[in-house]
There are 2 protein chains.
Amino acid sequence: MGSRARSGLVGGETCLAMSGGAWHGAIVCAAHQQMGYHPRRSTVTLMECGAVVLDLNQLRRSCGSCALHELCLPAGIDSADLERLDAAVRDKRKLARGGALFRQGDAFHALYVVRSGSLKTFVESPAGDVQVLGFHLPGEIVGVDALTNDHHLCGAEALEQTSICELPYVQLQQVVQEVPSLYRQLMRVISREVVAEQRHLIMMGKQQAQERLAIFLHSLADRYGRLSRDTSTLTLPMSRYDIANYLGLVVETVSRLFGRMEDAGILAVNRKTIRILRPDLLADLCGQGLGRLPHGTEVA
Amino acid sequence: MGSRARSGLVGGETCLAMSGGAWHGAIVCAAHQQMGYHPRRSTVTLMECGAVVLDLNQLRRSCGSCALHELCLPAGIDSADLERLDAAVRDKRKLARGGALFRQGDAFHALYVVRSGSLKTFVESPAGDVQVLGFHLPGEIVGVDALTNDHHLCGAEALEQTSICELPYVQLQQVVQEVPSLYRQLMRVISREVVAEQRHLIMMGKQQAQERLAIFLHSLADRYGRLSRDTSTLTLPMSRYDIANYLGLVVETVSRLFGRMEDAGILAVNRKTIRILRPDLLADLCGQGLGRLPHGTEVA
DNA sequence: GTTATTTATTGACCCCGGTCAAGTCGGGCC
DNA sequence: GGCCCGACTTGACCGGGGTCAATAAATAAC
């Protein structure tokens with residue numbers, strides 16, 4: 001084993017652009033990527049980048065002009081009703097990497113939608129062991145589990161610089177009451193979370209470790225695609241530990257699997273940057289248990 | 001190993017009463033159990049039993065007089081608004097054991113609430129392998145996953161004689177729009193499902209096989225208690241295969257675990273009837289990985 | 001009743017992935 | 001520059017639980 005050719009990104013400038021996380025992600029990058037622009041050679045600093053984002057936020061404060069419009073609550077709502085929704089959406093909170101949106105046990109008073117960046121939700125037992133429940137990308141709702149008993153059953157934490165739309169529940173209820181189409185859309189968005197959890201469950205059920213990671217990457221690429229991001233080069237905002245925990249594995253196993261998939265020519269792995277070289281083969285690995293790679297097999 | 005004293009239920013008449021499933025469960029049994037009555041010596045046939053149920057259904061057709069009132073959608077809704085809900089709740093469908101409420105891929109047009117009996121929800125891959133997603137007891141809602149894309153992503157099947165309240169979605173929307181408190185309660189009930197899935201996920205994450213089964217039994221007893229059923233004698237409506245699949249294990253492992261817990265004096269297992277002899281010890285097994293039983297240890 | 005079929009239990013074997021331990025890399029800091 | 005620390009990788013070992021197979025019990029079919 002071992003003579004694996006690590007896909008060498010040039011390092012220096014690449015990492016400089018990457019190391020800030022996908023902070024300009026949904027806003028700056030989305031536009032750039034659609035134009036075929038890649039921020040690799042950009043020399044903007046984080047400071048400059050932050051300023052740009054703030055300006056853009058000013059321009060697109062309203063749901064109506066939000067890039068996530070069609071993925072989020074406003075989908076299918078006409079401009080007249082949008083103003084009422086805008087009135088309910090309170091200040092857009094910003095979180096630094098590791099910052100808590102809410103903690104396990106906190107009193108419930110709002111639902112949240114990720115605007116840019118990403119979150120993880122997780123529970124922690126009194127004994128201290130953690131279970132990551134999900135990763136949340138822009139347009140996805142967080143906090144639904146607290147509706148039953150007015151307390152958050154899981155914590156939510158930013159994986160990178162993240163910006164959040166807060167929907168105070170009392171006001172949201174009013175608007176939803178007045179705008180039937182918004183009520184329907186809210187249900188749909190919540191249902192999406194149920195479906196996401198179901199997928200997670202299916203994966204944890206009986207899939208082998210390699211299938212789990214394949215499914216994880218595949219579905220992440222899917223979600224990136226829906227955000228108009230590049231689906232062949234994933235920049236993972238979460239650590240190997242988070243991935244392992246989410247998949248019900250240990251970090252060593254995840255590391256080995258990345259290695260094996262790289263050996264097979266499916267991926268090019270460079271820390272948090274994963275290039276999917278053979279989407280077809282990756283899709284195969286998601287399949288029904290066949291086609292598992294036997295330790296160091298080169299796949300033509 | 002092996003010299004395990006099987007808890008001997010008398011067999012004959014017991015099984016006769018059991019074999020019909022818990023059909024009179026939520027309706028006849030709930031009342032009986034609260035009075036300390038046990039249907040073991042009852043000689044009613046299924047036919048007679050069915051008739052009784054029908055009569056009771058006539059008496060308590062409305063949500064207002066339903067025994068599940070406080071567990072279900074009507075919770076916290078005054079009698080004036082209850083009539084509007086009643087109008088939306090359509091015919092109460094009945095399913096025989098194995099009967100499908102809906103199939104994976106079916107078009108969505110209604111949510112369902114279990115009135116009596118029980119369901120399992122599951123997905124089936126093209127290759128034929130199944131993952132059981134959940135078991136649903138009276139008062140619990142089914143079908144939420146279909147709200148996103150108008151098709152059921154999982155199938156739902158009765159585990160025993162089961163009666164269902166159907167909530168056609170178009171009508172439900174109207175009523176919910178008119179009755180704010182019902183809207184809130186619907187959200188809460190849906191959120192319950194999210195929480196249930198989260199618990200399932202936590203279990204599948206990193207728990208050992210024995211902890212999984214312990215948690216499963218413990219939480220099932222909990223839910224039975226909420227339905228005013230006996231929490232120390234569980235009559236499992238689902239097969240060992242369903243349990244194993246739900247827990248991400250194989251049927252042999254579940255069987256062995258039941259055996260080990262019986263050896264430890266925690267349970268008395270007789271096919272689908274599980275008596276919890278030591279709830280305290282069972283709770284211990286749910287805990288953080290400590291206290292696992294090392295193959296045939298007697299616990300005083 | 002008898003037979004056939006599903007469901008559950010039990011044993012023997014072995015492999016996937018967890019555990020333990022040792023590197024290695026990269027980034028932040030002075 | 002040099003140091004440190006956390007994130008990640010890689011190897012060696014082993015045990016929990018999956019697989020295969022045989023049997024028993026209970027239900028369904030006739």
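Residue numbers begin at 1 in each chain, while the letters A, B, ... track the order of the sequences.
In this structure, the CG atom of A/N245 is 14 Å from the P atom of D/dA7, given to the nearest Å. In this structure, B/N270 places its CG atom 10 Å from P of D/dT27, rounding to the nearest Å. For the pair A/R212 CZ and C/dG17 P, the computed distance is 8 Å after rounding to whole Å. The OH atom of A/Y241 sits 13 Å away from the P atom of C/dT19 (whole-angstrom rounding). Following rounding to the nearest Å, B/R260 (CZ) and C/dT9 (P) show an atom-to-atom distance of 14 Å. Here D/dT9 presents its P atom at 11 Å from CG of A/L213, a figure rounded to the nearest Å. In this structure, A/Q207 atom CD and D/dG18 atom P are separated by 14 Å, rounded to whole Å. Rounded to whole Å, atom P of C/dT7 lies 9 Å from atom CG of B/D242.
Put simply, the side chain of B/R212 gets close to the backbone of B/Q207: a donor and an acceptor are under 3.5 Å apart. Under the 3.5 Å distance criterion, the side-chain polar atoms of B/T253 are left unmatched by any main-chain donor or acceptor of B/V251. A side-chain donor-acceptor contact under 3.5 Å links B/Q131 to the backbone of B/N245. The main-chain N or O of B/G205 is never found under 3.5 Å from a side-chain atom of A/Y246 such that the two would form a donor-acceptor pair.
Each of B/R271 and A/L249 was matched to the nucleotide of DNA chain C holding its nearest heavy atom; the match closer to the 5' end belongs to B/R271. A residue-by-residue look at B/L257 and B/R97 shows that B/L257 has its nearest nucleotide of DNA chain D further toward the 5' end. Toward the 5' end of DNA chain D, the nearer of the two residues A/M238 and A/K206, judged by each one's closest nucleotide, is A/M238.
Using a 4.0 Å cut-off, some side-chain N or O of B/K272 falls inside it from OP1 or OP2 of C/dA8.
You'll find that the side chain of A/T253 is closest to C/dG18, out of C/dG18, D/dT9, C/dA12. Set against D/dG11, C/dG17, C/dG11, the side chain of A/Q208 has C/dG17 as its closest nucleotide. Closest approach to the A/A209 side chain among C/dG18, D/dT9, C/dG17 is made by C/dG17 (side chain taken as heavy atoms from C-beta onward). Set against C/dG11, D/dG16, D/dT10, the side chain of A/S255 has D/dT10 as its closest nucleotide. Set against D/dG16, C/dA8, C/dT19, the side chain of B/R240 has C/dA8 as its closest nucleotide. Each of C/dT10, D/dT9, C/dA8 was ranked by its minimum atom distance to the side chain of B/R256; first place goes to C/dT10. Considering only the side chain of B/E252, C/dT10 comes nearest among D/dT9, C/dT10, D/dG17.
Residues A/F122 and A/E157 have side chains in contact (heavy-atom distance under 4.5 Å, counting atoms from C-beta outward).
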